[in-house]
Amino acid sequence: MNGAQALIESLLQEQVEHIFGYAGATICPVVDVLREHPEIGYTLVRNEQNAGHMASGYARISGKVGVCMVTSGPGATNLITGIATAYMDSIPMVAITGQVPSHLLGRDIFQEVDITGAVAPFSKHSYLVKDANHIPAVVKEAFHIASTGRPGPVLIDIPIDVQQQELKGKFHYPEQVNIRGYKPSVKGNELQIKRVVEAIGRAKQPLICAGGGVWLAHAKEELLQLAERCSIPVVKTMMGISIMPTDHPLNMGMIGAHGNHCANKALAKADLLIMVGTRAADRAVLDPREIQRRMATIHIDVDPAEIGKNMQAAIPLVGDVKVILNQILERDIPAPDSAAWLECLKDYRKAELSRVFPQREGYVFPGTLLRHLGRKLNDDAIVCVDVGQNQIFTCKYLPQKNGRLLTSGGLGTMGYALPAAVGAKVADRKRQTLAICGDGSFQMAMNELSAVKTEGMDLKILLFCNQTLGLVHQIQRTAPYHGTFGVDLDGSPDFHTIAAAYGVPSLQLDDESEMDQVLDQFLSAPGSCLLVCRVHPDVTTND
Ligand SMILES: Cc1ncc(C[n+]2csc(CCOP(=O)(O)OP(=O)(O)O)c2C)c(N)n1
């Protein structure tokens, strides 16, 4: 058995079912083995960055580690944005890169880059494999590191000669991993748990802030139980957006500079903030010191490095979010006396949900369309949204049921939605899946319609077409800037023609009067469909 065979055998041991990739000379030995294993599905992307995004969408929906594989040099550098995007959102991923022959490393030969060095600041770990005999242990460790503690991307770089090297003995896949210095905490400290329970009992205006860590820990049920049992309202960060349905009476929406008014009002008035699986980074909490000054804070997170990084917590709790929430739920939690608090929030919530959006003849306002769309989606629909105004509108106004909203929250990578939706669809072909894109973002990834075509996917793509880089256009029209520049998307193609070229039918929506009818047509279309909505370039996310 050679290194390439050992790699594929190790991936099979990890129950890998799908790889998103792009071949090149230095990964050919592995690809040559892969072709003999039809039990591992393969999607050929059109740019390696999207292999990372597809693996991310796949991981987020399957709950497994997403795998991508590319060649050395430009293949590896193209993948960098995919790795950084996954890192910022703590997505479990293993990225495999081919590398030039090991005896030539460091000589800048054709298609050599130091990819382990390049991704060091934004990968959870990386390996440069110098001996094929190490491959099984490296793969075992890589999957363990990617999926445990705070998940994240792990890179395995394998020189071509190592892929071709014969292993000494029989293939042996390790059963256990023991990495010195890497033992993520699981259980929360009981003394701290007791303090949490007491703090909840004392609070008059408690508030839970749920982040992406709740999804990563599969702790949605526990979070809802805690909120419901103690009648604690819930705000969410962008990464936690779909944790609670919009119409849940305790749901207050998304916090932050681009968040819902009612969520920010709740945050401004709370006397106890329980942060669960969230970094409380700048986009969610603009002034953490102000929050610290005004209220007691509890911070539950698996990563000790997050505690006190953005906000000091009066009661820090490190461990697996699901385990900790269960530890709390096992206790007799005195229900806080929060009736007046809930009554006051009810009004904020009502005002937000009945907010009237502007109307313009011949255009569609994204908030209005999203409200209608959300009501028509299946209960467990997956929505992948890009970056820009389209992201903010979707996170703020798309009614959530019991599905998922996937977006690049940490890095804010344009072009994430379409490939992530392809990955999500690979993970669960039965679930209704949508990509919501801006016309700038879509043009960064529309070549991935190839996967939609070759795999005959039923993927719905909603394109907000404002012919500008909307969010930047909005920023440039606000002080201290003096006007727009370099944001008009002149030269964009006719998106209907693009879709047709990939065999995807399309619809156009130019006015809100036709909205319901066109949305029904769009959602009930058999197979994939692109819906292009005409949005005025001057629309802002504050309208
Ligand atoms: C890869 C990348 N490049 C640049 C940016 C900066 N950026 C943030 S939003 C945005 C505009 C997005 O335009 P579009 O996709 O058309 O969406 P809209 O804001 O119009 O909804 C840009 C350029 C980014 N987030 N990602």
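Order of listing sets the numbers, starting from 1, for every ligand and every atom in it. Counting from 1, the numbers follow the sequence of the chain as shown.
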When you measure from atom 25 (N) of ligand 1 to every protein heavy atom, which one gives the shortest distance, and what is it? Gly412 O, 2.8 Å

Does a donor on one side chain and an acceptor on the other come within less than 3.5 Å for Gln400 and Thr246? no

Any nitrogen or oxygen of Val472, side chain or backbone, less than 3.5 Å from one on ligand 1? no

Considering only protein heavy atoms, which is closest to atom 13 (O) of ligand 1, and at what distance to one decimal place? Leu469 CA, 3.5 Å

Can we call the ring centroids of Tyr397 and Phe357 under 6.0 Å apart? yes

Going by the atom numbers of ligand 1, which of them fall below 4.0 Å from some non-hydrogen atom of Leu471? 9 (S), 19 (O)

Does the Asp494 side chain pair with the main chain of Thr497, one donor and one acceptor, at a distance under 3.5 Å? yes

Is Asp380 salt-bridged to Lys401, cutoff N-O under 4.0 Å? no

Do Asp114 and Thr116 have a side chain donor and acceptor closer than 3.5 Å? yes

Atom 8 (C) of ligand 1: which protein heavy atom is closest, and how many Å away? Val387 CG1, 4.2 Å

Return yes or no for this condition: an N or O of Ser441 is under 3.5 Å from an N or O of ligand 1. yes

Give me the nearest non-hydrogen protein atom to atom 9 (S) of ligand 1 as residue plus atom name, then the distance to 0.1 Å. Gly388 CA, 3.6 Å

If you scan protein heavy atoms around atom 16 (O) of ligand 1, the nearest is Gly440 N, 2.8 Å

Per-atom contacts of ligand 1 with Asn466, taking only distances under 4.0 Å to non-hydrogen atoms: 20 (O)

Is the contact between Asn390 and ligand 1 made by the side chain, the backbone, both, or neither, using heavy atoms and a 4.0 Å cut-off? both

Under 4.0 Å, heavy atoms only, figure out whether ligand 1 is touched by the backbone of Asp386, its side chain, both or neither. neither

Going by the atom numbers of ligand 1, which of them fall below 4.0 Å from some non-hydrogen atom of Gly438? 14 (P), 15 (O), 16 (O), 17 (O)

Check: His536/Asn466 side-chain N/O donor and acceptor closer than 3.5 Å: no

Is it true that Glu306 and Lys309 have a side-chain N and a carboxylate O under 4.0 angstrom from each other? yes

In the protein, which heavy atom is nearest to atom 19 (O) of ligand 1, and how far is it? Gln389 N, 2.8 Å

Subset of ligand 1 atoms that lie under 4.0 Å from at least one heavy atom of Thr468: 16 (O), 20 (O)

I want to know whether Phe393 and Phe365 have ring centres closer than 6.0 Å. yes

Electrostatic pair Asp516:Lys376 at N-O distance under 4.0 angstrom: yes

When you measure from the heavy atoms of Val487 to every atom of ligand 1, does any distance fall below 4.0 Å? no

Ring geometry between His125 and Tyr127 (parallel below 30°, tilted from 30 to 60°, perpendicular above 60°): perpendicular

Proximal atoms of ligand 1 relative to Asp439 (non-hydrogen, under 4.0 Å): 16 (O)

So if I count the atoms of ligand 1 from 1 in the order they appear, which ones are less than 4.0 Å from some heavy atom of Gly470? 13 (O), 18 (P), 19 (O), 20 (O)

Using every non-hydrogen atom in the two residues, find where Ala417 and Asp386 come nearest and quote the distance to one decimal. N-OD1, 3.2 Å

Quick test of your reading of the structure: of Gln474, Gln467, Met414, whose heavy atom lies closest to atom 6 (C) of ligand 1? Met414

Are any of the N or O atoms of Phe442 closer than 3.5 Å to those of ligand 1? no

Kindly indicate whether a cation-pi arrangement holds for Arg404 with Trp215, taking the cut-offs as under 6.0 Å to the six-membered ring centre and within 45° of the axis. yes

